[in-house]
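Below is one structure; the comments refer to it alone.
What's counted below: heavy atoms across the whole structure, side chains too, no hydrogens, waters or symmetry copies.
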Amino acid sequence: MTDLRTPRSLPFPRQDLAASLVVFLVALPLCIGVAVASGVPAELGLITGIVGGIVTGLMRGSSLQVSGPAAGLTVLVLEAVRAFGLPALGVIVLAAGVLQIVMGLLRWGRWFRAISLSVVEGMLAGIGLVIIAGQLYAAAGLTAPASGLDKLIGLPGALVEALGSRTALVSLALGAGTVLVVVGWRRMPRRARAVPGALVAVLLAALATAAFGLPVETVRVSGVLEAVHLPGAEALSSLADPALLGTVLAFALIASAESLFSAAAVDRLHSGPRTDYDKELLAQGSGNALCGLLGALPLTAVIVRSSANVEAGARTKASRVLHGVWLLLFVALLPAVLAYIPLAALAGILVHAGWKLIPFKGVATLWRRHRGEALVLVATATAIVAVGMFEGVLIGLVLSVAKAAWEASHLRIEHSDDGRDAVRVRLQGTITFLRLPQILDSLEALPSDRRVVLDLSGIHHLDHACRAALETWAERHGGADAEAVRASTAPDRHEGAEPGSGR
């Protein structure tokens, strides 16, 4: 765990300068790749990265969390651009940012921590599957179907088509080589790993494309200023469209949840100041509002960049601000370099990023310990692939609430009888009037000539109707024998007195 409590004689420690360069090198290919995968100009991803570094980075909230365009919103952005057009993207992001600011001012940031982790992980898994499927088409230079389900179903046919085309095979090989470099770079010596594997993979792919004249498509560059589109009156009027408002809500909720869960994860990596979730939500909203005004991609906190920032030894928020400065300088001085980057290499980067979004170990662990949570995770991911992002998340939330309601109302009745002492009946869970017939049927089936120990220690709640019914049953079962029914260790939080002789 990184210790942030170190003295410094400079405006920012030298560790922040080194960390900012590492984060810049990690962010550069991801900003471009996320933009291309979202169906928008590559420059818009860089603009969002700059805003996330300089604007959101300067604001209070989380000390070391780094924001920018995220793979987690790629599917949602692509759907929005296809449904409403690129000019409407800025309005959607602007409105989502304003909504985040309002939620921050209302101090709703902490409530996002109450969202079921299974829903969030299921959301990321579904996004990861859609990203992988879509980018496999891009790696082969093919056009991907619109829906996530069609992407998966169409993969065998796409593979057959790619095998019959030399150009597609070359493009696929370049994408596969990119993935291999990213994965294998982690086995390199520690000094070599100071340069991010994603950047190395993209540089090698660009060099191979230029040196051998490979017939693959590269990033198209039109200039950052040309890519900026301020929302016009026509685009703003689209806010009256209920479908667009639903997309705004999805952007705001999903971006907020992803950012605040990322903040919780980053807090576990260092020993410095903890995240103020309401202020972090304000910071994310302010960044998205500016991105919307510029017509750029939405931003969220990105765990890949944030963890790289911590691991590189960052001490203050200066590192994330400086990484935005380096992105700005790159865009101003070296924009033509983007035209040498093959799209197949970016597809490989995003296939790897999508793979990392799928919590394989987490699903296995949940299945062993909490199968209900595992089912919520899998159902959320499946719904996102089959139906869509917004609908899939809503389905996951509904399932999570239904699971919680079921567990809250679930009742277990256990009997133990050795034939000599009293019959022991243990009640566990929540006892309400809805469960009263089940409880009374079980109790009335007990032998009338045996003593009963009623163990209430596992009860979370006992309502008035059930308390009265248990007392009536105890009196009827015991008759003149006051010790025939004895209640055992009923916690003080239960309503009413214990049934039986102890009441």
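Residue I303 holds its CD1 atom at 11.0 Å from CG of L357, rounded to the nearest 0.5 Å. Annotation: the span from L180 atom CG to H352 atom NE2 amounts to 10.5 Å, rounded to 0.5 Å. Rounded to the nearest 0.5 Å, atoms CG (L99) and CG (L94) are 11.5 Å apart. Rounding to the nearest 0.5 Å places CZ of F24 at 8.0 Å from CG of L199. Expressed to the nearest 0.5 Å, how far CG of L78 lies from CG of L73 amounts to 12.0 Å. Atom CH2 of W355 sits about 9.0 Å away from atom CG of L129, to the nearest 0.5 Å.
Here the closest non-hydrogen pair linking V182 and G197 is CG2-O, 4.1 Å. The shortest non-hydrogen separation linking S38 to V81 is O-CG2, 4.3 Å. Minimum heavy-atom separation, V130 to V385: CG2-CG2, 4.0 Å. Nearest heavy atoms, A263 versus Y277: CB-CE2, 4.3 Å. Of all non-hydrogen atoms in S238 and V91, the two that sit nearest each other are OG-CG1, 4.4 Å. A pairwise comparison of heavy atoms in I101 and G285 identifies CG1-C, 3.7 Å as the closest pair.
Remark: the S259 side chain and the E280 side chain contain no N/O donor-acceptor pair separated by less than 3.5 Å. Checked by atom type, the side-chain pair Q284/S67 shows a donor-acceptor distance below 3.5 Å.
We find that R315 and D16 are not joined by a salt bridge, their nearest charged nitrogen and carboxylate oxygen being 4.0 Å or further apart.
Judged by distance alone, with hydrogens and angles left aside, the side-chain atoms of S400 form no donor-acceptor pair with the main-chain N or O of L397 at under 3.5 Å. In this structure, D267 contributes its side chain and T275 its backbone to a donor-acceptor pair below 3.5 Å. Checked by atom type and distance alone, the side chain of S286 pairs as donor or acceptor with a backbone atom of L282 at under 3.5 Å. Within the 3.5 Å criterion, the main-chain N or O of Q65 finds a donor-acceptor partner in the side chain of R320. Not one N or O on the side chain of T48 forms a donor-acceptor pair closer than 3.5 Å with the backbone of L299. In this structure a side-chain-to-backbone donor-acceptor pair under 3.5 Å is missing from T56 to G53. Checking side-chain atoms of S20 against main-chain N and O of L17 turns up a donor-acceptor pair under 3.5 Å. In this structure, Q135 contributes its side chain and V351 its backbone to no donor-acceptor pair below 3.5 Å. At least one donor-acceptor pair closer than 3.5 Å links the side chain of T316 to the backbone N or O of A318. Side chain of Y137 to main chain of L155: a donor-acceptor pair is present (N/O by atom type, distance under 3.5 Å, no hydrogens or angles).
Under the 4.5 Å side-chain criterion, counting only non-hydrogen atoms from C-beta, V93 is in contact with F251. For the pair N309/V22, no side-chain contact is recorded, criterion being any heavy-atom separation below 4.5 Å from C-beta on. Between L214 and P342, every side-chain heavy-atom pair lies at or beyond the 4.5 Å cut-off. Under the 4.5 Å side-chain criterion, counting only non-hydrogen atoms from C-beta, I395 is not in contact with T380. A heavy-atom distance below 4.5 Å is found between the side chains of V170 and P215. With a 4.5 Å cut-off on side-chain heavy atoms, L281 and D278 do not count as touching. In this structure, T74 and I127 have side chains that are not in contact, with every pair of non-hydrogen atoms separated by 4.5 Å or more. Between P298 and V77, the closest side-chain pair of non-hydrogen atoms falls below 4.5 Å.
For the side-chain contact (heavy atoms from CB on, under 4.5 Å) criterion with S118, the lone passing option out of M123, K403, H370, E373 is E373. Checked options L343, L44, I349; the residue passing with V36 is L343 (criterion: side-chain contact (heavy atoms from CB on, under 4.5 Å)).
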**OP:** Would you please test L86 and V40 for side-chain contact (heavy atoms from CB on, under 4.5 Å) and show each step?
**Re:** CA-CA 7 Å; L86 183 58; V40 304; 3.6 Å; yes
**OP:** Determine, stepwise, if the pair L399 / V119 fulfils side-chain contact (heavy atoms from CB on, under 4.5 Å).
**Re:** CA-CA 9 Å; L399 290 176; V119 175; over 6 Å; no
Original post:
Going through the distances and angles, do V331 and E43 end up as a side-chain contact (heavy atoms from CB on, under 4.5 Å)?
Top reply: CA-CA 8 Å; V331 167; E43 295 86 351; over 6 Å; no
**OP:** Before giving the answer on side-chain contact (heavy atoms from CB on, under 4.5 Å), spell out for L338 and I341 the whole-Å C-alpha distance, their side-chain angles and the decisive distance to 0.1 Å.
**Re:** CA-CA 6 Å; L338 299 177; I341 299 177; 4.2 Å; yes
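Annotation for R82: atom CZ counts as buried by contact number, over 12 foreign heavy atoms lying within 6.0 Å. Summarising the local packing, CZ of F330 is surrounded by more than 12 heavy atoms from other residues, nucleotides or ligands at distances under 6.0 Å. No more than 12 heavy-atom neighbours from other residues, nucleotides or ligands sit within 6.0 angstrom of CD on E234. In R220, the CZ atom is not crowded: 12 or fewer heavy atoms of neighbouring residues, nucleotides or ligands sit closer than 6.0 Å. Counting non-hydrogen atoms of neighbouring residues, nucleotides and ligands closer than 6.0 angstrom, the CZ atom of F360 exceeds 12 such neighbours.
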